[in-house]
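To start, the structure itself, in structure tokens.
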There are 2 protein chains.
Amino acid sequence: MIRLVVAEDQTMVLGALVALLDLEEDIEVVGRATNGDAALALVRALDPDLLVTDIEMPGRSGLDLAQLLKEEGRRTRVLIVTTFGRPGYLRRALEAGVRGYLLKDAPSEQLADAVRRIAAGQRAIDPALADSAWDYEDPLNDREREVLRLSEHGNSSKQIAAILGLSPGTVRNYLHEAAQKLGAGNRIDAVRVARQNGWL
Amino acid sequence: MIRLVVAEDQTMVLGALVALLDLEEDIEVVGRATNGDAALALVRALDPDLLVTDIEMPGRSGLDLAQLLKEEGRRTRVLIVTTFGRPGYLRRALEAGVRGYLLKDAPSEQLADAVRRIAAGQRAIDPALADSAWDYEDPLNDREREVLRLSEHGNSSKQIAAILGLSPGTVRNYLHEAAQKLGAGNRIDAVRVARQNGWL
DNA sequence: GGCTAGGGATGACAAAAGTCACCTGCAACG
DNA sequence: CGTTGCAGGTGACTTTTGTCATCCCTAGCC
């Protein structure tokens, strides 16, 4: 029997995924969580074979979870199930030692398959994504990421400068650099491209 | 027996929802679709009691579906199950005659409940949302919506003007008006606010 | 020490966005 | 017919962005 903890912030989707997995004879869902912190506590308490988790959740993200579990040296393996096929995400996931990465776009039958493969010590990476994982390096440095994040909410350069304790000119320079690196013509476009690739 | 068609663009979530609903003795999922057009065809062919559908899907949206079914005078009732609690969405849904509106954040048990209530001729609107539906009117007119949508992708006023056959000045004016109405200081903020409320 | 490379930061100038007063044309109404 | 009101549209002016050359400081190297 494969023992699972499932983490997913949308309660209804969580319930549905559990229903799907519980249909399988050899799989047992022993815990469910709707945020990263609860999932972490459950994994520590229950020591399951697998953690099936979304990435974007309140509190700790699925990627944070994988990283932490790896650092703690736990035996629980991680399977990411997410909406986002962003290369940056998969890459960070692999670096955090996850064993599987599926998209919610994939057929639901693949879920149980992936669980079994990972429980058996194999991997289960969405093949379409596996290729692209290393195609696009994140070209942004920390400052650039920071100003992009702040400009995302409509802050002006002046406001961003005030927040970071810089001059407005410098902020514009960072945004410009970032836009250049991303092949974007302005900050709006730059934010879009960066988001799309999982670099924010 | 309540006969359902389920539409949801993320295949895995679709599979999971179907698994959840199929657990119920009195509910039968007779069709599933991953886009709006397929869902429409299924409803026409199978004449189910209910259509359970997401809003944001490729092709026709769940709201479009509800509108069409209403116009065709079909007996199939519509239950929306979506991520987004945007007042504008709920409002449009109600105007399109949907019988139920649930959030994916709601507990999964509510899904079967809602299905039964709607099949019995009642309604099932998420109570937290029901209040807010009429709080916020969409203040935008068509032009304003249009320019906001175009500016979303980083187009400049000049580019938007070229697309719409206007002068750049006019475009800036529309953007300005929209920002004013939305209480935003610039176009980026305006787009954010409008999206958040389901007005784009 | 002197030289150099590179990240962090600045200011000057051109282009685009934001702001506002105003000009249509057309439909409603007396 | 006025004329009133109002959505659609424009141009002039100010502020903010985009672009680029340059400076400063620190670290590493001869």
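The chains referred to below are lettered A, B, ... by the order of the sequence lines, with proteins before strands, and numbering in each begins at 1. Values reported hereafter were calculated over all heavy atoms of this structure, with side chains retained and with hydrogens, waters and symmetry mates removed.
Formation of a donor-acceptor pair under 3.5 Å by the B/Thr11 side chain with backbone atoms of A/Asp105 is found in this model. Judged purely by atom type and a 3.5 angstrom limit, B/Asp126 has no side-chain atom pairing as donor or acceptor with the backbone of B/Tyr101. Judged by distance alone, the side chain of B/Arg99 and the main-chain N or O of B/Val78 form no donor-acceptor pair under 3.5 Å. Under the 3.5 Å distance criterion, the side-chain polar atoms of A/Arg123 are matched with a main-chain donor or acceptor of A/Val98.
Counting heavy atoms from C-beta outward, B/Asp54 and B/Val81 have side chains that stay 4.5 Å or more apart.
Look at CG on B/Asp142: it is 8 Å from P on D/dG8, rounded to the nearest Å. Between the P atom of D/dG9 and the CG atom of B/Asn141 lies a distance of 10 Å, rounded to the nearest Å.
Residues of residues 143-150 of chain B that place a heavy atom closer than 4.0 Å to DNA chain D, in numerical order, are B/Arg143.
Side-chain N/O atoms of B/Tyr174 include one lying less than 4.0 angstrom from OP1 or OP2 on D/dG9.
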Please list each protein N or O that sits under 3.5 Å from an N or O in nucleotides 11-18 of chain D, with the distance.
unit_1: D/dA12; atom_1: N6; unit_2: B/Arg172; atom_2: NH2; d: 3.3
unit_1: D/dT17; atom_1: OP1; unit_2: A/Ser157; atom_2: N; d: 3.4
unit_1: D/dT17; atom_1: OP2; unit_2: A/Ser157; atom_2: N; d: 3.3
unit_1: D/dT17; atom_1: OP2; unit_2: A/Ser157; atom_2: OG; d: 3.3
unit_1: D/dG18; atom_1: OP1; unit_2: A/Arg187; atom_2: N; d: 3.2
unit_1: D/dG18; atom_1: OP2; unit_2: A/Arg187; atom_2: NE; d: 2.7
unit_1: D/dG18; atom_1: OP2; unit_2: A/Arg187; atom_2: NH2; d: 2.8
unit_1: D/dG18; atom_1: N7; unit_2: A/Arg172; atom_2: NH1; d: 3.1
unit_1: D/dG18; atom_1: O6; unit_2: A/Arg172; atom_2: NH1; d: 2.2

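Nearest heavy-atom pair, B/Ala96 versus B/Lys70, reported as atom, atom and distance to 0.1 Å: O-CD, 3.6 Å.
Here the rule is salt bridge (Lys or Arg N to Asp or Glu O under 4.0 Å) with B/Asp49, and of B/Arg74, B/Arg77, B/Arg75 only B/Arg75 fits it.
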